[in-house]
**Student:** 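Have a look at the structure that comes next, please.
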2 protein chains.
Amino acid sequence: MPVDPTSDRAVFRQIADELRQEIKSGTLPPGARMASERELMTRFGASRGTIRQALAVLSSEGLTDVQHGRGVFVRKRPPIMRLSSERFTRQLRDAGKGAFQAETEAHGFEPRQEILELGVVPAPAYVASRLGVHEGARVFVRRRRMWADDVPMQLADSYFRYGMVRGTPIVEKDAGPGGSYARLEELGYRLARFREDLVARMPSPEEARALHLGPGVPVVSLIRTAYDTEGKPVEVFDSVVAGDKHTFSYEIPAD
Amino acid sequence: MPVDPTSDRAVFRQIADELRQEIKSGTLPPGARMASERELMTRFGASRGTIRQALAVLSSEGLTDVQHGRGVFVRKRPPIMRLSSERFTRQLRDAGKGAFQAETEAHGFEPRQEILELGVVPAPAYVASRLGVHEGARVFVRRRRMWADDVPMQLADSYFRYGMVRGTPIVEKDAGPGGSYARLEELGYRLARFREDLVARMPSPEEARALHLGPGVPVVSLIRTAYDTEGKPVEVFDSVVAGDKHTFSYEIPAD
DNA sequence: GAGTGGTCTAGACCACGAC
DNA sequence: TCGTGGTCTAGACCACTCG
């Protein structure tokens, strides 16, 4: 079904529709190389600019991956990690596994954290309000990039009241077995519950680079607040999660 | 800081960087009109094609809205609705309010549902596995588009075993006060818990149209399974939620 | 009508990857 | 070396919005 230049619909959109259909129908399966831009020019009788506009549409929808000098390929879905609300069980912490480590290993990958920053900073407004301190108060931040094998999965910043973690393993590069949550409990802050707030959005160019995201891949901004049994917030966790590599799963009681 | 044509970084990316910086810094506040393409051509000394490439970058990042014949504007964040895990309390159902109605009214909007389809269909694989029926089994589907005032918020498909809801208000246009969940409980299926699975991704062109999404706006695919006190799945709810109009909030116990 | 973005063309040169 | 995508230009005509 060739393009109709008299149609109201722009030619590049018709071309995009055609190619999208071939992808969705499986005529072009994941990993397949699409025809080159020059080939598509003759196939559709359009200029290169128009062909490139059509390909840009598919790219922005997250359907393709472009490799300079090689071609345009139908995107393969990478392995998806499931982050479920059960990842915060005390059982896991007691076993010496942090939430990220446990989930990653459960999926058969090797977890790794790359420290980007450790230090005392003034609390940003959104952290202060959740952590129950005033804006600008001294808080300790652990900023990391988390990897599964060789794939960057998320950017993760943990904030603590400085007075609470000073001199503990939480301010060290390696927070020890079970991670920060295990250390907090050893310090006497028994964890009672977490709240997670999620928003989906497109990444900034820096985030896209740090997480190796192609065009048309959103991120999930996830902010978690951890409360102890007194109802006091003890940590604010601010992360940017690669949208194409995760699902989130929550259990909700009906009452 | 004008562009540097000798730089490795493409001219259109440098222009995009410059304009993005003006947006993030507030020099160009939300709602402001950006300079026209012709004006940007003289400002940056580039051809129109290059200027449009730069503007396309900002658009794909969700930073701008384009209005044909009027100009390019810095995108305003629309009012954001918070979907919290507390929206499924029995208290609300007993008060005759479904989850969507309750959340929408809590934000000061008027909820409305537009029925797209009501009928018996063969169960798709992902529904069948969650609902505990075999693929292709007869299930009843309620397909709607949900609105808050005049803004489309989500596409929502509810699936039920047909034998379970046949002849009940659930197969009618208006499922009645408290929605389907209230009807299910009246039928003797007391709800015990829900599971929600979320994925962020870019919308298909149809989804973008149905939800009035601009370029660079992702959606959240949310699939909820409702279980009764026997542990039996009684509904599968498959929705596509406008990413720029929602946050999600979940409470997680620590044990 | 004047100004704005939307679409399309034709052609040029560059950078990357595979053979 | 050759084919692939990446970038940029100059120009044309169209469609929408506003005064």
Side-chain angles (χ1 to χ4, degrees), chain A residues 2-19 28 31-60 62-75 205 208-209 212 214-216, chain B residues 2-19 28 31-60 62-75 205 208-209 212 214-216:
Chain A
V3 299
D4 170 10
T6 71
S7 161
D8 267 3
R9 193 159 178 76
V11 173
F12 79 85
R13 290 189 196 285
Q14 297 182 52
I15 296 174
D17 291 345
E18 187 87 6
L19 296 174
L28 286 169
R33 216 207 83 178
M34 309 190 53
S36 74
E37 295 177 354
R38 273 86 172 175
E39 287 166 347
L40 293 172
M41 287 171 69
T42 63
R43 170 174 166 195
F44 289 109
S47 74
R48 191 162 164 229
T50 302
I51 296 297
R52 282 179 64 82
Q53 265 185 297
L55 292 175
V57 170
L58 303 182
S59 172
S60 76
L63 297 176
T64 55
D65 277 316
V66 184
Q67 292 177 252
H68 194 173
R70 298 229 309 133
V72 179
F73 300 82
V74 180
R75 183 172 281 175
R209 197 175 327 116
H212 299 185
Chain B
V3 299
D4 169 12
T6 70
S7 160
D8 268 3
R9 192 158 179 77
V11 173
F12 79 86
R13 291 191 195 283
Q14 296 182 51
I15 297 174
D17 292 345
E18 187 88 4
L19 296 173
L28 287 170
R33 215 205 84 178
M34 310 191 51
S36 75
E37 294 177 352
R38 272 86 172 176
E39 288 166 346
L40 292 172
M41 286 171 70
T42 63
R43 168 173 169 194
F44 290 108
S47 73
R48 191 162 165 231
T50 302
I51 296 296
R52 283 180 62 82
Q53 263 185 297
L55 292 175
V57 170
L58 302 181
S59 171
S60 76
L63 296 177
T64 55
D65 277 316
V66 183
Q67 293 177 252
H68 193 174
R70 300 229 308 132
V72 180
F73 300 82
V74 179
R75 183 172 283 173
R209 197 175 326 117
H212 299 185

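FYI, side chains are in, hydrogens and waters are out, and symmetry mates aren't considered; it's all heavy atoms of this structure. Lettering follows sequence order; numbering is per chain, from 1.
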**Student:** Output yes when at least one side-chain N/O atom of B:Ser36 is less than 4.0 Å from OP1 or OP2 of C:dT4, else no.
**Tutor:**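 Answer yes for this pair, as a side-chain N or O of B:Ser36 is under 4.0 Å from OP1 or OP2.
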**Student:** D:dT4 P sits how many Å from A:Asp65 CG, rounded?
**Tutor:**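 After rounding, the reported distance stands at 19 Å.
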**Student:** What is the separation between atom CD on A:Gln14 and atom C1' on C:dG6, rounded to the nearest whole Å?
**Tutor:**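 Rounding to the nearest Å, CD of A:Gln14 and C1' of C:dG6 are 15 Å apart.
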**Student:** Separation of B:Gln67 atom CD from D:dC18 atom P, in whole Å?
**Tutor:**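 Value for this atom pair: 8 Å.
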**Student:** Tell whether A:Arg13 reaches the base of C:dG6 with its side chain through a donor-acceptor pair below 3.5 angstrom.
**Tutor:**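 In this structure, the two groups form no donor-acceptor pair.
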**Student:** Can a side chain N or O of A:Arg52 be found less than 4.0 Å away from OP1 or OP2 on D:dG6?
**Tutor:**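 A:Arg52 to D:dG6 OP1/OP2: side-chain N or O found under 4.0 Å.
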**Student:** Dump the intermediate steps for side chain to side chain contact (heavy atoms under 4.5 Å, CB included) on B:Leu19 and B:Leu58, then the final yes or no.
**Tutor:** CA-CA 8 Å; B:Leu19 296 173; B:Leu58 302 181; 3.7 Å; yes
**Student:** Is the shortest heavy-atom distance from the side chain of B:Arg52 to the side chain of B:Arg48 under 4.5 Å?
**Tutor:**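 Yes, at least one pair of side-chain atoms sits under 4.5 Å.
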**Student:** Can you tell me whether the side chain of B:Arg38 and the base of C:dG5 have a donor-acceptor pair closer than 3.5 Å?
**Tutor:**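 Result: at least one qualifying N/O pair found.
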**Student:** As a quick check of understanding, evaluate side chain to side chain contact (heavy atoms under 4.5 Å, CB included) for B:Leu55 and B:Leu40, giving each step before the final call.
**Tutor:** CA-CA 10 Å; B:Leu55 292 175; B:Leu40 292 172; 4.2 Å; yes
**Student:** I need the CZ-C1' distance between A:Phe44 and C:dC8, as an integer number of Å.
**Tutor:**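 About 16 Å, once rounded to whole Å.
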**Student:** If we ignore hydrogens and angles and just use 3.5 Å, is the side chain of A:Gln67 paired with the main-chain N or O of A:Phe73 as donor and acceptor?
**Tutor:**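 Absent.
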**Student:** Just how far, in rounded Å, is P of C:dG11 from CD of A:Glu37?
**Tutor:**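 Rounding to the nearest Å, CD of A:Glu37 and P of C:dG11 are 17 Å apart.
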**Student:** Closest-nucleotide mapping onto DNA chain D: is B:Gln53 or B:Arg48 further toward the 5' terminus? I mean the 5' end.
**Tutor:**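 Taking each residue's closest nucleotide, the earlier one in sequence belongs to B:Gln53.
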**Student:** Using atom CG of A:Asp8 as one end and atom C1' of C:dT7 as the other, report the distance to the nearest whole Å.
**Tutor:**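 Distance, rounded to whole Å: 13 Å.
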**Student:** Return the value, rounded to whole Å, for the distance between atom CE of A:Met41 and atom P of C:dG11.
**Tutor:**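 Answer to the nearest Å: 9 Å.
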**Student:** Is the distance from OP1 or OP2 of D:dT7 to the nearest side-chain N or O of B:Thr50 less than 4.0 Å?
**Tutor:**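 Answer no for this pair, as no side-chain N or O of B:Thr50 is under 4.0 Å from OP1 or OP2.
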**Student:** Would you say the base of D:dG3 and the side-chain of A:Arg70 have a donor-acceptor pair closer than 3.5 Å?
**Tutor:**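 No.
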**Student:** When you compare the ring of A:His68 with the six-membered ring of C:dG17's base, are the centres less than 5.5 Å apart and the planes under 30° from each other?
**Tutor:**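 A:His68 ring does not meet the centre or angle cut-off for C:dG17; no stack.
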**Student:** What I'd like to find out is whether the side chain of A:Asp65 reaches to under 4.5 Å of the side chain of A:Arg75, using heavy atoms alone.
**Tutor:**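 Sidechains of A:Arg75 and A:Asp65: in contact.
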**Student:** Between A:Ile51 (CD1) and C:dA10 (P), how many Å, whole number?
**Tutor:**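 It is 12 Å, rounded to the nearest whole Å.
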**Student:** Which one, C:dT4, C:dT7, C:dG6, comes nearest to the side chain of B:Arg33?
**Tutor:**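 Nearest nucleotide to the side chain: C:dT4.
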